[in-house]
> 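Sharing a structure, written as structure tokens. Questions coming.
None of these values were measured; they are calculated from a predicted model. Reminder, nothing fancy here: chain letters follow the sequence lines and each chain counts from 1. The analysis underlying the following values was restricted to heavy atoms, covering all of them including side chains, and did not include hydrogens, waters or symmetry mates.
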Amino acid sequence: MKNLLKAGLGVVTSIAGFIEVGSLSTSAQAGAAFRFRLLWAVAIATICLIFLIEMSGRLAAVSKHTLAAAVRERFGIRFQSVPLTAEIVLDTLVLTAEIGGACVALHLLSGIDARWWAVPVALMVWLLLWRGRFSAIENGVSMLGLVALAFVAGVFLLRPDWGEVAHGFVPSRPPVGSDAAHYGYLAVSILGATISPYLLNFYSAGAIEDDWGEKDILTNRIVATVGMGFGSVVSMGVLGMAALVLAPRGIRVDQYEQAALVLTQPFGKWGLPLFAASLFIGCYGAALELGLNLSYVLSQALGWNWGEDQKPKDDARFCTVYTIAIAIGAILIVAGVPPLKLTMLSMALTVLILPLVVFPFLVILNDPRYLRTHRNGRIANLVVLAILALGALLALVVIPLEVAGGR
Amino acid sequence: MADDLHAFRDLLDKQLVDRENRPVGKADGLVFEIRADAPPRLVAIEVGNAAILRRISERLASAAARLARRLGVSSGEPLRIPPEKIVHFGNDVQVDLDAPRTLAYAWERWLRKTLISRIPGSGV
């Protein structure tokens with residue numbers, strides 16, 4: 001039971017990687033446009049993420065230093081200022097998009113215009129960060145996040161052609177006569193935007209909040225796998241539902257009302273509330289995670305006192321950071337900034353800084369002063385090198401693909 | 001055995017903690033004294049926004065110092081810790097200070113007073 005609770009950190013981390021507003025819409029678009037053919041991208045992204053998450057957790061458990069702190073200490077502020085600045089911008093953009101996504105979910109449920117929900121949603125996010133303890137956030141959100149398994153259940157209820165599903169796991173070129181640029185764009189979106197720096201930083205900070213130590217190394221490995229596996233399965237479920245429900249009708253996802261259709265076929269009148277609940281919890285959880293992550297990376301890179309379990313008066317700088325970020329997010333949504341546009345921008349930014357985020361893993365995870373006897377093995381290092389190569393490739397193609405294939 | 005200290009490997013950018021292992025800040029800058037008839041000598045570890053920003057851009061550093069002065073946070077100068085205060089070297093560097101009372105916590109104290117303590121539930 002105790003180990004089951006530890007899985008909460010993995011599950012809550014994966015929500016901001018797979019179930020947040022940008023990932024949900026990307027998966028739905030991929031399924032609607034190319035049926036099961038892009039499942040391989042979700043699978044590769046998941047494997048990369050499991051490895052990097054495991055490393056972030058192991059670093060924190062053994063050295064009691066988070067990833068952001070170790071990058072500062074090992075690479076210095078001159079190096080870190082680039083990925084750190086990018087991550088602050090990125091986290092604020094994605095936080096804004098999540099507040100927007102949660103507003104859309106409430107709009108779907110209530111019919112009230114999404115912009116009216118921006119301030120209440122922002123207050124809900126802020127209040128839980130202000131008053132809540134870390135364990136309440138991770139366990140509460142991860143429990144509620146299980147509702148998103150409705151997408152996976154839906155796929156089974158609709159009995160897909162499992163041969164076609166299996167085929168989707170083999171990387172393939174876009175089908176003849178289809179929009180190749182859009183296919184490439186979606187593949188890069190799935191791969192690049194899943195391997196986000198905020199997941200890695202958040203997870204390693206969470207391992208410190210939960211006071212993990214060397215005894216938790218095996219737990220960390222399981223939590224990383226189970227957590228990212230959960231997010232991945234939900235993401236595949238969304239893609240599958242879009243493939244089964246939207247693709248045959250030729251519906252392309254450019255509005256959430258259309259994406260919401262996917263659950264009405266298997267679940268009838270429960271479909272829309274289930275979709276809205278999943279979207280809301282995904283976005284709300286991701287917003288909590290991003291707000292906290294902003295406070296984490298700044299505190300840890302600059303060496304401040306930090307911790308979600310402290311009273312706000314005892315880490316005023318920490319609390320000020322998320323308070324300001326949430327206020328900015330709410331203002332942008334009230335001003336009418338469309339969340340989906342923000343996710344496109346943030347995807348490009350995520351992919352562009354990916355190599356700078358991954359490279360330190362090669363150095364820090366092999367440093368005996370941090371990892372002692374728990375340094376990376378050869379396979380782990382090869383995986384990091386492969387992700388680095390993949391990241392460099394993605395960074396080269398992301399801008400042209402976004403121009404040619406984004407919509 | 002007396003180990004060598006590599007200022008850039010073992011000190012610069014490292015986490016500084018106080019007597020009770022509370023974070024002070026990072027070692028944002030190192031100040032050496034240049035002497036005519038002897039080798040340079042480390043005189044202080046600097047902690048503070050101005051010290052970090054000085055390594056990136058002098059203009060940003062003076063803007064940060066001006067902001068701190070205008071808001072009444074501090075003089076804008078970084079905290080200077082003399083090397084005699086160093087107690088222990090490791091992944092973290094322990095110094096003989098009481099962190100929350102130092103200049104490194106000037107923004108922390110200012111934000112607590114002007115913003116955080118005015119919001120209900122801050123624990124003040």
> Are any side-chain N or O atoms of D216(A) and backbone N or O atoms of G213(A), one a donor and one an acceptor, separated by less than 3.5 Å?
yes
> Counting heavy-atom pairs under 4.5 Å to chain B, which of F318(A), W306(A), Y370(A) comes out on top?
Y370(A)
> Does any heavy atom of chain A fall under 4.5 Å from the side chain of L111(B), the backbone, both, or neither of them?
both
> Side-chain contact, heavy-atom cut-off 4.5 Å: R221(A) with I217(A)?
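In short, these two side chains touch, coming nearer than 4.5 Å.
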> Are any side-chain N or O atoms of K313(A) and backbone N or O atoms of K113(B), one a donor and one an acceptor, separated by less than 3.5 Å?
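No; judged by distance alone, with no hydrogens or angles, the pair does not exist.
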> Tell me, for R72(A) versus chain B, whether the close heavy atoms (under 4.5 Å) come from the side chain, the backbone, both or neither.
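Interface part for R72(A): both.
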> Please step through side-chain hydrogen bond (donor to acceptor under 3.5 Å, both in side chains) for the pair N293(A) and D91(A), ending with a clear verdict.
CA-CA 8 Å; N293(A) 190 60; D91(A) 286 7; 2.7 Å; yes
> Taking the six-membered ring of Y105(B) as reference, does the NZ or CZ atom of R317(A) fall below 6.0 Å from its centre and within a 45° cone about the axis?
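Checked: cation-pi criterion met.
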> Using heavy atoms and a sub-4.5 Å threshold, report which of residues 83-99 of chain B line up against chain A, by residue number.
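Residues N91(B), D92(B) are the ones that qualify, each having a heavy atom under 4.5 Å from chain A.
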> Checking V24(B) against chain A: side chain, backbone, both or neither under 4.5 Å from a heavy atom?
backbone
> Can you check whether E54(A)'s main-chain N or O pairs, donor with acceptor, with N220(A)'s side chain at less than 3.5 Å?
yes
> With a 4.5 Å cut-off on side-chain heavy atoms, are E98(A) and L288(A) touching?
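They are not in side-chain contact.
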> With a 4.5 angstrom heavy-atom cut-off, is it the side chain or the backbone of I119(B) that approaches chain A, or both, or neither?
both
> Between E209(A) and E308(A), is there a donor-acceptor pair closer than 3.5 Å when you use the side chain of the first and the backbone of the second?
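It does hold such a pair.
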> Only pairs of heavy atoms separated by less than 4.5 Å count here; which of R22(B), R9(B), K26(B) has the most with chain A?
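That would be K26(B).
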> Examine whether an atom of D18(B) lies under 4.5 Å from a heavy atom of chain A, and if so say whether it belongs to the side chain, the backbone or both; otherwise answer neither.
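Nothing of D18(B), per the 4.5 Å heavy-atom cut-off to chain A.
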> So which residues of residues 77-88 of chain A are in contact with chain B at a heavy-atom cut-off of under 4.5 Å?
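Heavy-atom contacts from residues 77-88 of chain A to chain B are I77(A), R78(A), S81(A).
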> Under a 4.5 Å heavy-atom cutoff, which of L16(B), V17(B), D28(B) has the most pairs with chain A?
D28(B)
> Is the ring centre of F280(A) less than 6.0 Å from the ring centre of Y284(A)?
yes
> Is the shortest heavy-atom distance from the side chain of L11(B) to the side chain of L42(B) under 4.5 Å?
yes
> With a 4.5 angstrom heavy-atom cut-off, is it the side chain or the backbone of S122(B) that approaches chain A, or both, or neither?
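Contact with chain A involves both backbone and side-chain atoms of S122(B).
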> Quick check on R55(B) against chain A: is it the side chain, the backbone, both or neither that has a heavy atom closer than 4.5 Å?
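Both backbone and side chain.
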> When you measure from the side chain of D314(A) to the backbone of Q310(A), do you find a donor-acceptor pair of N or O atoms at a distance under 3.5 Å?
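It does not hold such a pair.
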> When you measure from the side chain of W107(B) to the backbone N and O of A68(B), does any donor-acceptor pair fall under 3.5 Å?
no
> Output all residues satisfying side chain to side chain donor-acceptor pair (under 3.5 Å) with D210(A), sequence neighbours left out; order by chain, then residue number.
none
> Could you look at A301(A) and say if it's the side chain, the backbone, both or neither that has a heavy atom under 4.5 Å from chain B?
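Backbone only.
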> For E33(B), enumerate each residue passing the side chain to side chain contact (heavy atoms under 4.5 Å, CB included) test, keeping only those at least two apart in sequence or located in another chain.
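R35(B), R41(B), V43(B).
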> Can you confirm whether S56(A) sits close enough to F361(A) that some side-chain heavy atom of one is under 4.5 Å from a side-chain heavy atom of the other?
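Touching, per the 4.5 Å side-chain cut-off.
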